[in-house]
Every structure is written in structure tokens, then in C-alpha cells.
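Naming: A, B, ... by sequence-line order, numbering from 1 per chain.
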Amino acid sequence: MKFELAKTDAHSQARAGVFETDHGTILTPIFMPVGTLGSVKAVHQRDLKDDIQAQIILGNTYHLYLRPGLEVLEQAGGLHKFNGWDRPILTDSGGYQVYSLAGTRKLKEDGVMFQSHIDGSRHFFTPENVMDTQRTIGADIIMAFDECTPYPCEYNYAKNSMRLTHTWLDQCVAQFENTEPKYGYDQVLFPIVQGSVYKDLRTQSAEYIASKNCFGNAIGGLSVGEPIEMMYEFTDLVCRVLPKDKPRYLMGVGTPANILESIALGIDMFDCVMPTRNGRNGMLFTSEGIINMKNEKWKKDFSPIDSNGLSFVDSQYTRAYLRHLFQAQEMLAPMIASLHNLAFYLWLVGQAREHILAGDFTEWKNRMIPKLTTRL
RNA sequence: GGGGAUGUCGCAUAGUGGCAAUUGCACCAGACUGUAAAUCUGUCCUCCUACGGAGUUCGGUGGUUCGAGUCCACCCAUCCCCA
């Protein structure tokens with residue numbers, strides 16, 4: 001694998017890069033649709049690939065481990081073969097589930113005891129077995145096992161949690177280096193910066209993560225409820241510490257505006273459930289603003305969903321019809337909305353890249369932000 | 001013509017003396033940031049100085065009662081059975 005910067009913006013920290021994997025090239029900055037269970041909810045692989053040209057998608061270790069399970073995934077020949085997606089895949093380690101499933105897990109020094117949300121069965125995740133699991137899933141990019149701290153978070157908790165994440169990282173790196181890919185293509189490991197919203201901890205964590213000299217680096221523990229300015233502040237702080245020549249991944253972010261602002265701070269990779277989950281719930285992101293498709297005001301709006309949109313659904317369907325589909329709870333509604341939103345997110349990061357290459361990124365970004373946050 | 005039953009906030013329901021009144025649906029609005037989410041929350045009689053206050057409500061009219069959706073009388077409407 002290879003990551004190279006094609007251009008760095010003169011007026012911000014934004015960068016345009018080329019990330020080459022055995023499953024194809026990723027042009028950064030990039031947005032990665034989330035496909036937790038091995039499927040981007042409500043979206044066909046064909047539409048993801050041919051229509052909106054997603055370059056990489058996510059999967060989740062915790063979910064895939066529980067179902068369908070490692071035996072199935074291994075026999076299938078890995079997740080790519082199993083779900084028919086032949087472009088890159090990144091798997092989250094389950095670190096986020098340590099946070100989101102706080103009610104059904106027990107945190108220990110050597111790992112996390114999870115109680116399955118599906119059948120209540122107990123499972124123990126360790127840095128080592130999480131690496132093995134991700135080897136078996138066959139993700140191109142593997143995430144270190146971490147603890148995503150909540151917000152707010154006491155200093156001492158954040159400090160101890162960060163230390164635990166670092167200890168686990170050592171174990172992850174060792175296990176990763178002592179094992180081989182299972183399906184004949186390369187895999188890389190990304191460690192994750194934690195430290196909550198404490199400057200000294202974040203700095204310390206970023207330095208530690210950078211010292212491991214992994215292929216790329218990720219920032220976790222943000223966008224968990226803290227004020228948005230705080231998220232930018234800490235993204236900026238961490239980016240200033242992380243090496244410039246390696247890809248930077250801001251986990252779980254975010255709104256279209258969040259993404260542009262974070263690109264300006266030096267982030268290359270994003271993932272977020274927002275375009276798919278909010279899409280399923282009737283929210284559409286467009287270049288003119290945000291639409292709540294369920295609102296009565298679209299009842300008789302027979303204009304296209306998004307006249308600037310690049311997906312076939314944007315011109316194929318009208319707002320009135322899509323609202324009708326949501327009202328009637330037709331399955332087609334979340335499908336259309338998800339595809340539209342993902343198309344928009346990918347268009348947005350693609351445009352960001354174009355403007356970085358053209359040298360007018362900041363100007364373009366500042367022009368876009370007010371539109372992105374408008375409520376139509 | 002005779003007998004029986006029922007009328008509650010859009011629809012459907014709960015409520016047999018303290019009730020602006022249960023629940024579901026619909027409607028309207030909001031939330032959602034490494035997915036326990038095709039989910040969740042709020043509003044849903046009217047008005048206001050709106051985590052509070054005021055006014056009008058349970059087919060109609062009258063009555064009993066400190067107090068009535070609830071009890072009584074009559075009326076109206078609907079449904080069922082027998083002619």
C-alpha cells in the first residue's frame with residue numbers, strides 16, 4: 001500500500017492525496033460509507049459502485065464477529081468475497097461499541113467483556129483477538145482496539161482510558177506484526193488517538209500514536225456530544241502532531257460542514273452514519289441546504305429531489321413523490337434517501353479535492369458552509 | 001309496530017362519582033455524528049405572558065350531587081333481532 005500527497009493547500013492544512021490499496025485507489029479527502037454488518041444499509045453494491053462511485057466502505061468487527069461469525073467469513077474467503085464488494089474495506093475494531101454498548105459490557109485491563117445485543121451471550125475482546133478477527137474479515141484497513149471515551153469525561157478517567165488504549169495499541173501492533181493477511185492482499189493498521197477534550201492528554205496521545213509509525217492514523221473520541229468548536233479545536237491540535245505524510249482519519253464525523261472544516265484542518269478520511277441513518281429517517285443533505293423530506297411543505301413540490309445531485313435518484317424522483325414514499329413507509333424511501341445522501345457526501349469531498357488541487361479550497365469552503373447548514 | 005344495544009378530542013378505543021379525560025393509528029414537528037436506529041422524542045380541544053395559566057368539552061336538553069363522561073328523565077341518531 002502507498003499513500004502520497006498530491007497537493008497541500010496554501011491557506012489551510014487541507015491536503016489532496018492518493019491512497020493505493022490492493023483493492024484499488026482511494027483519492028483523498030474521502031468519505032467512507034458505513035456498512036456495519038457488511039452492507040451499507042438500504043443501498044445496493046451496484047449503486048454504491050457504479051452510480052455514486054464509493055471508493056471504500058466500512059464494516060464493524062463487533063457486529064460481523066457476532067453475525068455471521070468468523071467461520072462463515074473465513075469460509076467465504078473474507079468479507080469482500082462474502083458481500084461482493086471488491087473495493088477497499090476498513091473495519092472498525094469494536095472500540096466504538098465499548099462506548100455505545102456501555103450498558104452491556106465490562107471493561108477490564110486485558111480487554112472488554114461484551115454481552116451480545118442479539119442473544120445476550122458473552123464474548124471477550126482483547127487487542128490480540130480483535131487483530132485476528134480483522135485479519136479474518138479481511139479488511140484492507142484495520143483499526144486498533146481502543147476505548148472511545150464519552151463526553152463529558154472526568155480527567156482521571158480520560159487519562160486512564162488513554163493509557164489503556166495505548167497499552168492495547170502496543171499489543172495490537174505486536175499481534176498485527178506477528179500475523180499475516182489470510183487472503184493474499186495487504187492489510188494495514190491504523191492506531192487511534194484518544195484523550196477526550198484535554199489538551200495535554202490529546203497531545204500526549206497523538207505523540208504516542210505517531211511514534212508507532214503505522215501506515216495511517218486515526219482520531220477517535222470526538223463527535224460524541226462535545227460542542228462543535230471543541231471538536232475542531234482538538235482535531236486541529238492532533239493534526240499538528242500527527243505526521244504529515246500519513247493519512248489521517250477522523251472517526252465518526254460528521255455533518256457536511258464538519259467534514260469541510262475538518263478537511264481544512266488536515267483530515268483525509270471520514271466515516272459517519274449520518275447520510276444513511278438520517279437519510280432513512282427522512283433527512284436529505286443537498287448543496288443548497290438540508291431538507292426534512294417528511295415535512296408537509298414538500299407535499300406538492302414536483303421538482304427533482306436535487307437538481308444538482310449526481311445520483312440517478314436525484315433526477316428520477318420528485319420531492320413530492322419521495323415525501324409520499326416516506327409517508328407511506330415504503331421501503332423505496334430510505335433507499336432513495338440513502339443513495340442521494342451518500343452521493344452528496346461523495347460529491348462534496350470530491351469537490352473539496354478538486355478545489356485543493358485548484359488552489360482555491362478555503363474560498364470555496366467558506367462559500368459552501370452557509371449553504372450546507374441552511375434548512376430548506 | 002315490538003324487543004335489545006350503542007353514542008367519548010380526525011378514526012378506533014379506555015374510562016360506572018373528583019377527569020382536559022386511557023391507549024393505538026393518523027396528522028404535525030423535532031432529534032440522529034467510528035449504526036443495539038426502516039429508530040427515538042414531542043405535540044396533538046381552544047387561547048395565553050406557555051416545564052406555567054385561563055377557558056370550553058364526552059349526541060342534545062333538563063335534573064340529582066359539594067362535584068357528572070360516569071347516576072336519573074325525556075329527546076335525537078345509529079346498529080342488531082322479531083314482525
Counting only pairs under 3.5 Å, give me each side-chain donor-acceptor contact of residues 216-229 of chain A, with atom names and distances, residues two or more places apart or in other chains.
| from | atom 1 | to | atom 2 | distance (Å) |
| --- | --- | --- | --- | --- |
| A:Glu226 | OE1 | A:Ser223 | N | 3.3 |
| A:Glu226 | OE1 | A:Val224 | N | 2.9 |
| A:Glu226 | OE2 | A:Ser223 | N | 2.6 |

Task: For B:C74, the Watson-Crick or wobble counterpart (both distances under 3.5 Å) - done: B:G60
- [ ] Determine the interatomic distance between P on B:U78 and the same-named atom on B:U46; round to the nearest Å.
- [x] 29 Å
Open item on the list: Work out how far the C1' atom of B:A20 is from that of B:A54, and round it to whole angstrom.
Closed with: 13 Å
Open item on the list: Listing request: all side-chain hydrogen bond (donor to acceptor under 3.5 Å, both in side chains) pairs with a residue in residues 251-273 of chain A, at least two apart in sequence or in separate chains.
Closed with: A:Arg15-A:Asp268, A:Tyr232-A:Asn258, A:Tyr249-A:Asp271, A:Thr255-A:Asn258, A:Glu261-A:Lys365
Task: Any residue of residues 124-131 of chain A with a heavy atom less than 4.0 Å from an atom of RNA chain B - done: none
Open item on the list: For the P atoms, the ones on B:A31 and on B:G18, what distance do you get once it is rounded to whole angstrom?
Closed with: 41 Å
Open item on the list: With the threshold set at under 4.0 Å for non-hydrogen atoms, list the residues of residues 199-223 of chain A touching RNA chain B in residue-number order.
Closed with: A:Gly221, A:Ser223
Open item on the list: Under 4.0 Å, heavy atom to any atom of RNA chain B: which of residues 96-122 of chain A qualify?
Closed with: A:Tyr96, A:Gln97, A:Ser100, A:Leu101, A:Thr104, A:His117
TODO: Give a yes or no on whether a salt bridge exists between A:Asp301 and A:Lys297, defined as a side-chain N under 4.0 angstrom from a carboxylate O.
DONE: no
TODO: Please figure out whether A:Pro334 or A:Met283 has its closest RNA chain B nucleotide nearer the 5' end.
DONE: A:Met283
Open item on the list: In this structure, how many angstroms lie between the P atom of B:A36 and the NE2 atom of A:His123, rounded?
Closed with: 15 Å
TODO: Starting from P on B:C32, measure out to OH on A:Tyr345 and report it in whole angstrom.
DONE: 11 Å
Task: Nucleotide B:G34, atom P - distance to CD1 of A:Ile267 in whole Å - done: 15 Å
- [ ] With A:Asp86 as reference, evaluate A:Lys49, A:His23, A:Lys81 under the side-chain hydrogen bond (donor to acceptor under 3.5 Å, both in side chains) test and give the passing residue.
- [x] A:Lys49
Open item on the list: Just to verify, which of A:Thr28, A:Ile263, A:Ile30 counts as forming a side chain to side chain contact (heavy atoms under 4.5 Å, CB included) with A:Phe270?
Closed with: A:Ile263
Report all interatomic pairs (protein N or O, nucleotide N or O of nucleotides 25-29 of chain B) with separations under 3.5 Å.
| from | atom 1 | to | atom 2 | distance (Å) |
| --- | --- | --- | --- | --- |
| B:C27 | OP1 | A:Gln327 | NE2 | 3.1 |
| B:C28 | OP1 | A:Arg323 | NH2 | 2.9 |
| B:C28 | OP2 | A:Gln327 | NE2 | 3.2 |
| B:A29 | OP1 | A:Glu296 | N | 3.3 |
| B:A29 | OP2 | A:Glu296 | N | 3.3 |

Task: Those residues of residues 269-280 of chain A lying under 4.0 Å from RNA chain B by at least one heavy atom - done: A:Asp271, A:Cys272, A:Val273, A:Met274, A:Thr276, A:Arg277, A:Asn278, A:Arg280
TODO: Write out all pairs satisfying ring-ring contact (aromatic ring centres under 6.0 Å, His included) with one or both partners inside residues 355-376 of chain A, taking only residues at least two apart or from two chains.
DONE: A:His355-A:Trp364
- [ ] Provide the distance between the two C1' atoms, one in B:G53 and one in B:U39, to the nearest whole Å.
- [x] 35 Å
Task: Those residues of residues 39-67 of chain A lying under 4.0 Å from RNA chain B by at least one heavy atom - done: A:Lys41, A:Leu58, A:Asn60, A:His63
Open item on the list: Output the rounded distance in Å from CE (A:Met251) to C1' (B:U35).
Closed with: 13 Å
Task: Euclidean distance, atom CD1 of residue A:Ile30 to atom P of B:G34 [Å, nearest integer] - done: 17 Å
Task: salt bridge (Lys or Arg N to Asp or Glu O under 4.0 Å) contacts touching residues 165-177 of chain A (sequence neighbours left out) - done: A:Asp170-A:Lys212
Open item on the list: For the residue pair A:Tyr345 / A:His340, report whether a side-chain donor-acceptor contact shorter than 3.5 Å exists.
Closed with: no
Task: B:G7 versus B:U70 - spacing of their C1' atoms, nearest Å - done: 14 Å
Open item on the list: With the 90 degree cut-off around zero defining syn, does B:C19 come out syn or anti?
Closed with: syn
Open item on the list: Work out how far the C1' atom of B:G55 is from that of B:G59, and round it to whole angstrom.
Closed with: 22 Å
TODO: Determine which pairs satisfy salt bridge (Lys or Arg N to Asp or Glu O under 4.0 Å) with at least one residue from residues 277-296 of chain A, sequence neighbours left out, and list them in order.
DONE: none
Open item on the list: Give me the distance, rounded to whole Å, that separates B:G69 from B:G60 when you measure between the P atoms they each carry.
Closed with: 11 Å
Task: Integer angstrom distance from the P of B:G15 to that of B:G3 - done: 29 Å
TODO: Under 4.0 Å between any heavy atoms, over every strand shown, what does A:Met32 touch: base, sugar-phosphate, or nothing? Just pick one.
DONE: nothing
- [ ] Figure out the CG/P separation between A:Asn258 and B:C32, and round it to whole Å.
- [x] 11 Å
Listed pairs under 3.5 Å, donor-acceptor, residues 151-159 of chain A side chains, sequence neighbours left out:
| from | atom 1 | to | atom 2 | distance (Å) |
| --- | --- | --- | --- | --- |
| A:Tyr155 | OH | A:Asp200 | OD2 | 2.4 |
| A:Tyr157 | OH | A:Glu147 | OE2 | 2.6 |

